[in-house]
Amino acid sequence: MTKKARYLLKSIIVSCMVFGALLISTATVKAASSVSVTLETGKGAAYDNYKALQGALDKASSATSGSPLTVKISGSGTYYIAKSSGGALKIRSNTTLNLNGATLVRHGEMKNLVQNADSKGNQSAGGYGLSENITIKNGTLDGSGGDFGSRYNVVNFGHADNVKFSDVSFKNCYGAHLIELCGCSNSTVSDCTFTGWTLKSGDTKSDHEAIQLDIAYNGANCNWNGTFKSDKTPCKNITIDGCQFKDYPSGVGNHHTVNGYHNTNIKITNNTFKNTLAATDPAIWAFGFDNSKISGNKITGNYTRAIYVASGDVDVIDNSIGSSSSPFNGHGIYCNNAKEYKAGSGSSTTTGYVSGGNIKSNSVYVKGNDEKTGKVSIGLVVYGKSALDEVSSNTIVSEAYYGVHISASGSAIDVLKNNTIKSTKKVGLALTSSGAITSKAEGNTIEGKTRGVQVSSKGRIADFGDQDNGNEISSNGDYGVLVTGSGSKIDAIEGNTITASKGKGIAIQGSGKSSDISYNTVESSGSHGIYVTKTTVTEINYNTVNSCSGSGIYLTSKGKVKNIKYNELKKNKRYGLERYNKSSTLKSNSFSGNKKGSKNK
């Protein structure tokens with residue numbers, strides 16, 4: 001071998017040795033360590049238990065290289081935890097706390113049972129940089145409920161990234177949250193249970209969620225979580241999946257936010273919510289949860305609302321709210337505005353609105369509370385300038401009032417299609433106070449004990465049905481479709497089938513308006529098939545109206561229609577066409593079997 005070749009070979013060997021040493025060094029630095037902690041039962045051991053467990057968790061503070069630490073409790077008993085000066089167990093970055101079947105019970109002067117902290121045990125960092133890579137799993141965290149006279153969260157995490165809770169039972173909180181995530185990112189809560197809410201006698205404050213997803217902000221009249229730095233950091237990329245919530249005022253959400261600092265990409269999926277306590281708050285409170293998803297959840301029992309949306313671009317999909325055998329006692333899906341704080345302006349508030357989002361494939365069965373006080377249940381509520389993109393393929397039944405109610409200026413659904421909507425007491429679909437369907441309502445099956453569809457008080461629908469995909473309205477106690485009141489309007493009523501209304505099939509009255517009533521089938525109405533009074537309709541064309549107890553088409557002296565053409569009017573118990581305003585142009589209408597004849601003279 002030449003001298004040059006020997007030199008090259010030596011260089012390669014040295015390089016490989018150095019690289020190998022680096023690999024070994026890196027592996028050593030990143031190697032996980034594990035600590036087993038033995039705790040003692042009984043309340044008398046609470047202070048020693050704190051020292052032992054906190055001592056084990058403190059070992060993460062020396063892991064400056066970021067090596068992961070697992071702290072595992074030895075034994076699956078119940079262990080009390082207390083710190084003489086209050087405070088909480090503090091858990092640092094890159095730490096897994098494996099409860100290993102054990103129950104930790106907050107005791108003595110503890111505030112939170114567990115908090116996150118930086119490597120020195122402090123909470124001063126902002127953004128998402130205080131802590132990262134923390135897991136708590138496999139056991140129970142008990143807040144000890146009524147033993148605490150002050151409100152503290154059981155688990156209190158803030159400014160953290162990649163936090164995971166799995167297979168943990170959280171229970172017994174006095175007046176606060178079982179978990180608070182304040183300005184956290186990329187975190188999950190999965191397969192956990194939440195139960196046990198306690199208040200003192202006479203204490204009525206109840207706006208608390210089992211899991212609160214909060215914004216890190218403290219200002220005048222909005223001191224939400226003073227533990228962490230106030231820099232308006234919201235939560236983002238949070239998933240709550242496969243959890244069970246029972247008997248808590250609210251399951252997941254947030255009841256306040258800061259204008260311009262909303263939580264984003266929140267996923268609340270495949271959870272079960274059940275409340276047998278007196279109705280208080282929503283099961284899911286999506287306030288300031290932009291670009292988020294609520295799907296696959298099952299909600300039963302007593303909440304004032306099952307799902308409350310006050311956010312932008314939230315999809316509510318494939319949730320089950322109540323059932324036909326056990327209807328939900330409150331509003332089903334509730335879209336409305338809510339108060340937002342203006343950062344830096346003290347108690348001043350502005351209003352957050354629903355903007356965008358879809359409601360699809362949900363099953364909603366609700367029942368009423370007290371109609372005398374106005375506390376009634378509605379399947380889907382769209383109020384307060386809420387504007388949704390699409391509501392489709394839902395089954396919505398209200399045993400109390402409206403099936404779907406769209407109300408207030410700015411409140412709108414762009415497309416309402418392929419839903420089954422029923423109200424066993426009032427109106428299937430109601431639009432009032434300038435509420436609107438701005439594009440189309442098609443392919444829906446609608447029933448109401450009083451009315452199928454009511455558009456009043458300046459409510460509006462652009463297109464109700466079309467020739468290819470009309471709506472089916474049946475078995476209503478009064479009107480099938482009613483448009484009434486100045487400013488109320490359905491531009492086009494087309495391609496619908498309206499059967500067995502006990503009153504009128506389609507009624508445009510009291511200054512309500514419709515431009516075009518065409519291609520509809522109206523059958524077996526208890527009064528007139530199509531009725532117009534105190535307003536003007538442009539076209540009534542190509543309709544089939546038969547077997548109605550009144551006339552097929554009825555116009556009062558103040559009911560004007562410009563064109564009545566190509567309608568088939570048959571077997572009605574009065575006239576085919578009964579009109580007391582004869583300004584209409586008639587052309588090619590078909591009459592047969594009407595009891596009093598084709599048309600009145």
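Bear in mind the structure is a predicted one, so any value in this text is a computation, not a measurement.
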For Asp241, salt bridge (charged side-chain N to carboxylate O under 4.0 Å, His left out) partners two or more places apart:
none
Is a salt bridge present between Arg451 and Asp478, judged by a nitrogen-to-oxygen distance below 4.0 Å?
yes
Which atom pair, heavy atoms only, marks the closest approach of Ser423 to Gly403?
CB-N, 3.8 Å
ring-ring contact (aromatic ring centres under 6.0 Å, His included) partners for His262, two or more places apart
none
With no hydrogens and no angle check, just 3.5 Å: does a side-chain donor-acceptor pair link Asp414 and Thr438?
yes
Quick note, side-chain hydrogen bond (donor to acceptor under 3.5 Å, both in side chains) partners involving residues 488-503, not counting sequence neighbours, are Asn471-Asn496, Lys489-Asp491, Asn496-Asn520
Just checking, any donor-acceptor pair under 3.5 angstrom between side chains of Ser434 and Ser409?
no
Against Phe273, only a single residue in Ile321, Ile284, Ile307, Asn319 fulfils side-chain contact (heavy atoms from CB on, under 4.5 Å); can you say which?
Ile284
Mind checking what makes salt bridge (charged side-chain N to carboxylate O under 4.0 Å, His left out) contact with Arg574, not counting sequence neighbours?
Glu578
Quick one: ring-ring contact (aromatic ring centres under 6.0 Å, His included) pairs with a partner in residues 486-521, sequence neighbours left out?
Tyr519-Tyr542
Exercise: do His256 and Asp214 side chains pair donor with acceptor under 3.5 Å:
yes
Could you tell me if Asn271 and Asn297 have a donor-acceptor pair between their side chains, going purely by distance under 3.5 Å?
yes
Does any donor atom in the side chain of Asn275 or Asn302 lie under 3.5 Å from an acceptor atom in the other side chain?
no
Tyr248: partners by ring-ring contact (aromatic ring centres under 6.0 Å, His included), with sequence neighbours left out:
Trp197
